[in-house]
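Structure record follows, encoded as structure tokens.
Throughout, numbering of the chain's residues begins at 1 and tracks the sequence. First listed ligand is number 1; within each ligand, the first listed atom is number 1. These numbers come from the heavy atoms of this one structure, side chains and all, not from hydrogens, waters or symmetry mates.
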Amino acid sequence: MSELSPATTTPVAREFDVVVLGAGMVGSLFALLLTRDPAARALRVAVIDAEQSSLPAADAPFDLRVSAITRASEDLIARAGCGPALAAQRLCRFTDMEVWDADGTGRVHFSAGEVGESHLGLLVENRILQAVLCEQLWRQPTVTAYCPRRLHSLQRLRHGWQVTLADGEVLSAPLVIGADGANSRVRDAAGLSVSTWDYEQKGLVCTVTTERSHRHTAWQRFLPDGPLAFLPLADEHQCSIVWTLPTSEAERLQALPAAEFAAELGRAFEHRLGAITATGARAAFPLLARHAEQYTREGVALIGDAAHSIHPLAGQGVNLGLLDAGVLADELLAVLKAGLPVDHARALSRYSRQRRGHNALLMHGMTGFERLFAARDSGLRVLRNSGMRLFDRSGLLKQWVMRTAIGR
Ligand SMILES: Cc1cc2nc3c(=O)[nH]c(=O)nc-3n(C[C@H](O)[C@H](O)[C@H](O)COP(=O)(O)OP(=O)(O)OC[C@H]3O[C@@H](n4cnc5c(N)ncnc54)[C@H](O)[C@@H]3O)c2cc1C
């Protein structure tokens with residue numbers, strides 16, 4: 001039977017009010033924000049994930065997948081009751097950002113002090129944030145963890161959804177939340193179409209050791225082929241790099257012997273932190289932008305990468321997803337407080353209205369930004385560089401942009 005066809009027979013299913021597919025950073029935050037609120041104490045919530053997250057050993061090498069978490073996302077994590085647990089993990093609170101153009105003299109420096117903040121955001125390994133959130137989530141009395149368990153299929157019922165796991169167990173719920181990442185099965189099963197834009201680039205990621213301290217600064221150099229970011233880790237001499245490159249160039253650099261790769265990387269970064277003394281394993285991810293045409297349908301909502309994935313140049317990907325999680329949880333709690341069922345259409349349409357436009361704006365902005373910095377036209381280059389210098393001295397405008405970027 002196709003995933004889209006209505007189920008004709010209903011096997012004995014365990015009933016829930018909400019099924020969340022995906023306990024990544026976004027799905028687990030959403031489920032926590034919902035279930036920790038007293039208004040949701042009567043909800044039965046199932047959370048499914050194929051992978052069981054766990055904290056790495058204290059001396060384990062840094063993982064390749066790290067995220068720059070904005071202050072707004074940090075506030076949501078604190079609201080979910082995970083602030084102290086996250087603060088106890090290895091992470092880097094960065095206080096400054098240095099952005100410069102490889103093709104001229106344009107430079108912008110952001111400092112937390114300029115907006116009266118202690119830091120601009122924090123750099124944390126994805127697996128650490130996910131494990132901290134899940135540890136708290138599995139303690140919620142209304143949550144049933146199906147983890148590690150894989151989804152087999154999703155079928156529409158007359159009212160709600162039937163969710164079949166790979167081992168044959170069947171669940172049902174009026175509301176399914178798709179937090180299952182960029183290749184979302186929930187999105188496909190609900191028939192929510194998605195537009196895709198291929199940048200024909202790859203993001204090359206690697207942990208590197210540098211001669212000089214990163215000074216708690218996130219560094220980004222705009223090269224004609226794409227940006228190169230050095231993101232500071234908990235060890236002052238280690239950074240996680242994200243280097244955006246045309247696909248063939250990323251593959252060439254990925255295959256180089258370590259010493260040659262370190263030398264090319266050092267040159268591309270203008271040796272801002274001295275010599276690159278060691279490089280870890282390298283991986284390269286194809287860069288695609290995807291945006292679901294709709295985030296919701298009766299009984300379904302998408303959050304995080306299931307709804308959108310964007311260019312990593314602004315380090316905003318997961319932050320948009322965490323904001324989706326906050327808004328959707330708030331809207332569901334609002335209908336519950338009004339005495340309405342959790343799958344009420346009002347909550348879903350209000351969620352979609354608030355988040356889709358916001359995310360679309362940011363996605364278009366990122367594409368425009370990427371093109372502006374890739375432009376080789378000399379007039380544009382001069383404009384871009386003088387614009388950066390003017391912006392750096394712009395006082396209030398710069399403060400406003402900083403506040404918008406950190407979400408405070
Ligand atoms: C090179 C690169 C660099 C990036 N850098 C940054 C950055 O600096 N800052 C930033 O904000 N973002 C960054 N991002 C984006 C960020 O990693 C993603 O936005 C984020 O991981 C999305 O989180 P999510 O929880 O929505 O999805 P995911 O992390 O994909 O989680 C989905 C979860 O669903 C589970 N799942 C999926 N399918 C099934 C199934 N069938 N059955 C059971 N479970 C299932 C998975 O196991 C997983 O746990 C970067 C991305 C790339 C490619």
For Val26 and ligand 1, does the shortest N/O to N/O distance drop below 3.5 Å? yes
Below 4.0 Å from any atom of ligand 1, is there a heavy atom belonging to Ala179? yes
Polar-atom distance check: Gly317 versus ligand 1, any N or O pair below 3.5 Å? yes
Of all the atoms in ligand 1, which lie at a distance below 4.0 Å from a heavy atom belonging to Glu51? 47 (O)
Name the option, out of Leu322, Asp49, Val20, that contains the heavy atom nearest to atom 35 (C) of ligand 1. Asp49
Taking only heavy atoms of Gly24 into account, list the atoms of ligand 1 that are under 4.0 Å away from them. 25 (O), 31 (O), 33 (C), 49 (O)
Does any N or O of ligand 1 fall below 3.5 Å from an N or O anywhere on Val318, backbone included? yes
Suppose I only count heavy atoms of Asn319 and a 4.0 Å limit; which atoms of ligand 1 are within that range? 11 (O)
If we number the atoms of ligand 1 from 1 as shown, the ones under 4.0 Å from a heavy atom of Met25 are 20 (C), 21 (O), 25 (O)
Looking at Leu302, Leu154, Asp180, the heavy atom closest to atom 39 (C) of ligand 1 belongs to Asp180
So that I know where these two stand, are Trp243 and Phe285 an aromatic pair - ring centroids less than 6.0 Å apart? no
Before signing off on this row, confirm whether Ala50 and ligand 1 have an N or O atom pair separated by under 3.5 Å. yes
Contacting atoms of ligand 1, where contact means under 4.0 angstrom from a heavy atom of Ala68: 7 (C), 8 (O), 9 (N)
Only heavy atoms of Arg149, strictly under 4.0 Å: list the atoms of ligand 1 that pass. 43 (C)
ring-ring contact (aromatic ring centres under 6.0 Å, His included) against His216, all qualifying residues, sequence neighbours excluded: His214
Please identify which of these residues, Val242, Leu265, Thr217, meets the side-chain contact (heavy atoms from CB on, under 4.5 Å) condition with Phe230. Leu265
Subset of ligand 1 atoms that lie under 4.0 Å from at least one heavy atom of Gly304: 26 (O)
With Arg282 as the cation and Phe261 as the aromatic partner, state whether NZ or CZ is under 6.0 Å from the six-membered ring centre and within 45° of the axis. yes
Purely on distance, is any nitrogen or oxygen of Leu151 under 3.5 Å from one on ligand 1? yes
Looking at Ser184, Ser309, Ser195, which one forms a side-chain contact (heavy atoms from CB on, under 4.5 Å) with Arg290? Ser309
Do Arg107 and Glu98 meet the salt-bridge criterion of a basic N to acidic O distance under 4.0 Å? yes
Within 45° of the six-membered ring axis of Phe62 and under 6.0 Å from that ring's centre, is NZ or CZ of Arg90 located there? yes
Short N-O contact, Asp330 and Lys337, less than 4.0 angstrom: no
Is a salt bridge present between Asp167 and Arg149, judged by a nitrogen-to-oxygen distance below 4.0 Å? yes
Within the 4.0 Å heavy-atom shell around Arg65, which atoms of ligand 1 are there? 17 (O)
Counting heavy atoms only, which of Leu29, Val242, Val66 comes nearest to atom 6 (C) of ligand 1? Val66
Side chain to side chain donor-acceptor pair (under 3.5 Å) between Ser352 and Ser349: does it pass, once the steps are laid out? CA-CA 5 Å; Ser352 181; Ser349 62; over 6 Å; no
Sequence neighbours excluded, the answer for side chain to side chain donor-acceptor pair (under 3.5 Å) partners of Asp75 is Arg408
